[in-house]
Amino acid sequence: MSREIILVDSVTKGGIYRVAIIQAKYLKWKLVSMCNYRPWTELLENVSVEYLSTISIPKLQRTINILNAMFLKKVNRQELTIAHQFDACYLAMRSKVKYIGYIHDLHYSPIPQTRLTIPLIRKLEKKALEKAEIIISNSDNTKTQLESIYNLDSIVIEPTIIEVPNIDESVIKQKENTLLIVCRLSEVDKVLPVVEHIRRELSDLKIIIAGAYNQIIWKRVQKIKKLNIELKVDVSEKELRSLYLRSKAVLQPFGENFGLVPLEAAVYFTVPIIHYKCGVAKYFSHGTNGFVFKEPTSVVKYVCQILGEKFEQLAVNARENIIKKGLTIDNYIRRITKVLQNAR
């Protein structure tokens, strides 16, 4: 096992943690998590993982991580550390290790943000990033935000960690008229306005929302049930692949700095409908291998086109698009390995 580590605040289900775990798996680096709250056991198989804290108190987990990063914990000296997000960067800085800052999202902070705390948070975040050997942004959007808020430059390495399944076009015939949405369930309120419009126009369409467990989701379940939506909570990797295989369309209903789901779904011959502010929207040609929308009212039109006679060609194009553009795990590992060599 290499002496390098991947450092992250958690290894629960989520896009940032998927990237960190996949990095550890393919680079064969040790994964160090600041806590062991709801670990993603299935994805962590065959990955060497160490937990800095075994205290797991859901409502206090963010506070515990802050204390660990700023005061209580340190990581041992290593040859190199990839620190995901600001709290991991701060911990790496305090530990006086050589580290790369990998930033996914500036809107997330381990510290609850109020009007009074934001200036302090920004100051601490900038300090942690300035000490990094290299700053990596996960998208052009994140790079722009880092420049605007911190006046710091970064290189962009988009986490195109797509593992292409060994399937052929015969699976297209088995697909159902289903619209799939995979998102953080804590952000389901952003999804509902789009889905409400779709449901008004397409009352019989099967809609599935899948995402990781979140404590506050249960307050919103009644809204989802009223719209006749099937809710899948904490689906396994096998179940997620099955959902991609059976669905004709996948909807990315709001903007994200990057957004893995449209890429993941496309290699299963599932046609993406993507919000124009999503970082991966640039990879799709509207009407050829997916659809990009601004207004929620236009989504119904695109769903109807996917369910129509052009579906097979759209589905084939969606998968071929990912492969031809090299948005796959092998190319991603090659790109990041080159950067790591320069940082040593």
Item to check | Criterion salt bridge (charged side-chain N to carboxylate O under 4.0 Å, His left out) on Glu295 and Lys301, from CA distance to verdict | outcome: CA-CA 11 Å; Glu295 299 299 328; Lys301 176 174 65 176; over 6 Å; no
Item to check | Under 3.5 Å: donor-acceptor pair, side chain of Asn289, backbone of Asn321 | outcome: no
Next on the checklist: So, taking the atom named NE2 in His84 and the one named CG in Asp105, what distance separates them when rounded to the nearest 0.5 Å?
Outcome noted: 14.0 Å
Checklist entry - With no hydrogens and no angle check, do the side chains of Asn257 and Thr142 hold a donor and an acceptor under 3.5 Å apart? => result yes
Checklist entry - Hey, any chance Leu240 and Ile322 share a hydrophobic cluster, counting ILVMFWY side chains that come within less than 4.5 Å of each other, even indirectly? => result yes
Item to check | With sequence neighbours excluded, residues passing side chain to side chain contact (heavy atoms under 4.5 Å, CB included) with Lys190 | outcome: Glu187, Phe254
Checklist entry - Given Lys143 and Glu158, is the salt bridge (charged side-chain N to carboxylate O under 4.0 Å, His left out) satisfied, shown in steps? => result CA-CA 11 Å; Lys143 178 180 174 68; Glu158 295 175 322; over 6 Å; no
Checklist entry - Can you check side-chain contact (heavy atoms from CB on, under 4.5 Å) on Arg200 and Val300, steps first, answer last? => result CA-CA 10 Å; Arg200 282 195 297 269; Val300 171; over 6 Å; no
Item to check | Under 3.5 Å side-chain donor-acceptor pair for Tyr332 and Gln23 | outcome: yes
Item to check | Side-chain heavy atoms of Ile136 within contact of Ile103, under 4.5 Å | outcome: no
Next on the checklist: Is a donor from one side chain sitting under 3.5 angstrom from an acceptor on the other, for Lys25 and Asn46?
Outcome noted: no
Item to check | The single option from Ile100, Leu129, Ile155 passing side chain to side chain contact (heavy atoms under 4.5 Å, CB included) against Ile135 | outcome: Leu129
Checklist entry - Under a single-linkage definition using a 4.5 Å side-chain heavy-atom cutoff for Ile, Leu, Val, Met, Phe, Trp and Tyr, are Ile157 and Ile22 assigned to the same hydrophobic cluster? => result yes
Item to check | Gap separating the SG atom of Cys278 from the OH atom of Tyr283, nearest 0.5 angstrom | outcome: 11.5 Å
Checklist entry - Lys28 side chain to Val47 main-chain N or O, any donor-acceptor pair under 3.5 Å? => result no
Checklist entry - Any side-chain heavy-atom pair from Val11 and Leu44 closer than 4.5 angstrom? => result yes
Checklist entry - How many angstroms lie between atom CG of Leu260 and atom CD1 of Ile16, to the nearest 0.5 angstrom? => result 11.0 Å
Next on the checklist: Does either side chain, that of Ser139 or that of Asn141, offer a donor lying less than 3.5 Å from an acceptor on the other one?
Outcome noted: no
Checklist entry - Hey, are Ser148 and Gln145 close enough side-chain-wise for a donor-acceptor pair under 3.5 Å? => result no
Next on the checklist: Any heavy-atom pair between the side chains of Val8 and Val19 that's under 4.5 Å?
Outcome noted: no
Item to check | Pairing of Lys30 and Glu50 as salt bridge, 4.0 angstrom limit | outcome: yes
Next on the checklist: Main chain of Gly259, side chain of Gln252: is a donor-acceptor contact present, judged purely on distance under 3.5 Å?
Outcome noted: no
Checklist entry - Taking atom NZ of Lys131 as the centre, does the number of heavy atoms from other residues, nucleotides or ligands within less than 6.0 Å exceed 12? => result no
Next on the checklist: Taking Leu202's backbone N and O only, do any of them form a donor-acceptor pair with Arg199's side chain (distance below 3.5 Å, no angle check)?
Outcome noted: yes
Checklist entry - So, Ser154 and Ser137: side-chain donor and acceptor under 3.5 Å apart, yes or no? => result yes
Next on the checklist: Within the 4.5 Å heavy-atom criterion, are Val195 and Ile181 side-chain neighbours or not?
Outcome noted: yes
Checklist entry - Within a radius of less than 6.0 Å around CG of Asn342, do more than 12 heavy atoms belonging to other residues, nucleotides or ligands occur? => result yes
Item to check | Close side-chain approach of Leu7 and Trp29, heavy atoms under 4.5 Å | outcome: no
Checklist entry - When rounded to the nearest 0.5 angstrom, what is the spacing between CD in Glu125 and CD in Glu130? => result 12.0 Å
Next on the checklist: Under 4.5 Å side-chain heavy-atom separation, chaining through any Ile, Leu, Val, Met, Phe, Trp or Tyr, what else clusters with Val292? Say none if it is isolated.
Outcome noted: Tyr276
Checklist entry - Is any NZ, NE, NH1 or NH2 atom of the basic residue among Glu230 and Lys232 found under 4.0 Å from an Asp or Glu carboxylate oxygen of the other? => result yes
Expected list for residues 302-317: side-chain donor-acceptor pairs under 3.5 angstrom, two or more places apart:
| unit_1 | atom_1 | unit_2 | atom_2 | d |
| --- | --- | --- | --- | --- |
| Glu312 | OE2 | Lys173 | NZ | 2.6 |
| Gln313 | NE2 | Asn317 | OD1 | 2.8 |
| Asn317 | ND2 | Thr288 | O | 3.0 |
| Asn317 | ND2 | Gln313 | O | 3.3 |

Next on the checklist: Checking Glu133 against Tyr99: is there a side-chain donor and acceptor pair closer than 3.5 Å?
Outcome noted: no
Checklist entry - With a 4.5 Å heavy-atom cut-off, do Arg319 and Val164 have their side chains touching? => result yes
Checklist entry - Can Arg246 and Thr270 be said to form a side chain to side chain donor-acceptor pair (under 3.5 Å), step by step? => result CA-CA 8 Å; Arg246 69 189 267 199; Thr270 305; over 6 Å; no
Item to check | Intermediate values then yes/no, side-chain contact (heavy atoms from CB on, under 4.5 Å), Val75 and Leu52 | outcome: CA-CA 8 Å; Val75 292; Leu52 295 181; 4.0 Å; yes
Item to check | Atom NZ of Lys126: over 12 foreign heavy atoms under 6.0 Å | outcome: yes
Checklist entry - Within the distance-only criterion (no hydrogens, no angle test), does the side chain of Ser242 pair as donor or acceptor with the backbone N or O of Lys238 below 3.5 angstrom? => result no
Item to check | Flag if over 12 foreign heavy atoms under 6.0 Å of CD, Glu45 | outcome: no
Next on the checklist: If I take atom CG from residue Leu227 and atom CD1 from residue Ile229, how far apart are they, to the nearest 0.5 angstrom?
Outcome noted: 4.5 Å
Item to check | Exam field: side chain Lys175 to backbone Leu245, donor-acceptor pair closer than 3.5 Å | outcome: yes
Item to check | Shortest non-hydrogen separation from Ala128 to Phe86 and the atoms involved | outcome: CB-O, 4.5 Å
Item to check | Evaluation steps, side-chain contact (heavy atoms from CB on, under 4.5 Å), between Thr178 and Ile207 | outcome: CA-CA 6 Å; Thr178 298; Ile207 303 174; over 6 Å; no
Checklist entry - Just by modelled atom types, is the Tyr244 backbone N or O under 3.5 Å from a matching donor or acceptor in the Ser247 side chain? => result no
Next on the checklist: Is the shortest side-chain heavy-atom distance between Pro165 and Val267 below 4.5 Å?
Outcome noted: yes
Checklist entry - Is the backbone N or O of Asn177 less than 3.5 Å from a side-chain atom of Lys248, with the two atoms forming a donor-acceptor pair by type? => result no
Checklist entry - How far does OH of Tyr37 sit from OG of Ser10, to the nearest 0.5 angstrom? => result 8.5 Å
Next on the checklist: Using side-chain heavy atoms (C-beta onward) and a distance below 4.5 Å, is Tyr26 in contact with Glu163?
Outcome noted: yes
Next on the checklist: I'd like to know if Ile82 and Val156 are part of one continuous hydrophobic network [Ile/Leu/Val/Met/Phe/Trp/Tyr, side-chain heavy atoms within less than 4.5 Å].
Outcome noted: no
Checklist entry - Is there a donor in the side chain of Tyr17 and an acceptor in the side chain of Asp9, or the other way round, less than 3.5 Å apart? => result yes
Checklist entry - Knowing that exactly one of Leu180, Val182, Ile198, Val261 qualifies, which makes a side chain to side chain contact (heavy atoms under 4.5 Å, CB included) with Leu251? => result Ile198
Next on the checklist: So that I know where these two stand, are Phe258 and His104 an aromatic pair - ring centroids less than 6.0 Å apart?
Outcome noted: no
Item to check | Lys325, NZ atom: more than 12 neighbouring heavy atoms under 6.0 Å | outcome: yes
Checklist entry - Counting N and O atoms only, with roles assigned by atom type, does the side chain of Thr12 sit under 3.5 Å from a partner on the main chain of Arg38, one being a donor and the other an acceptor? => result yes
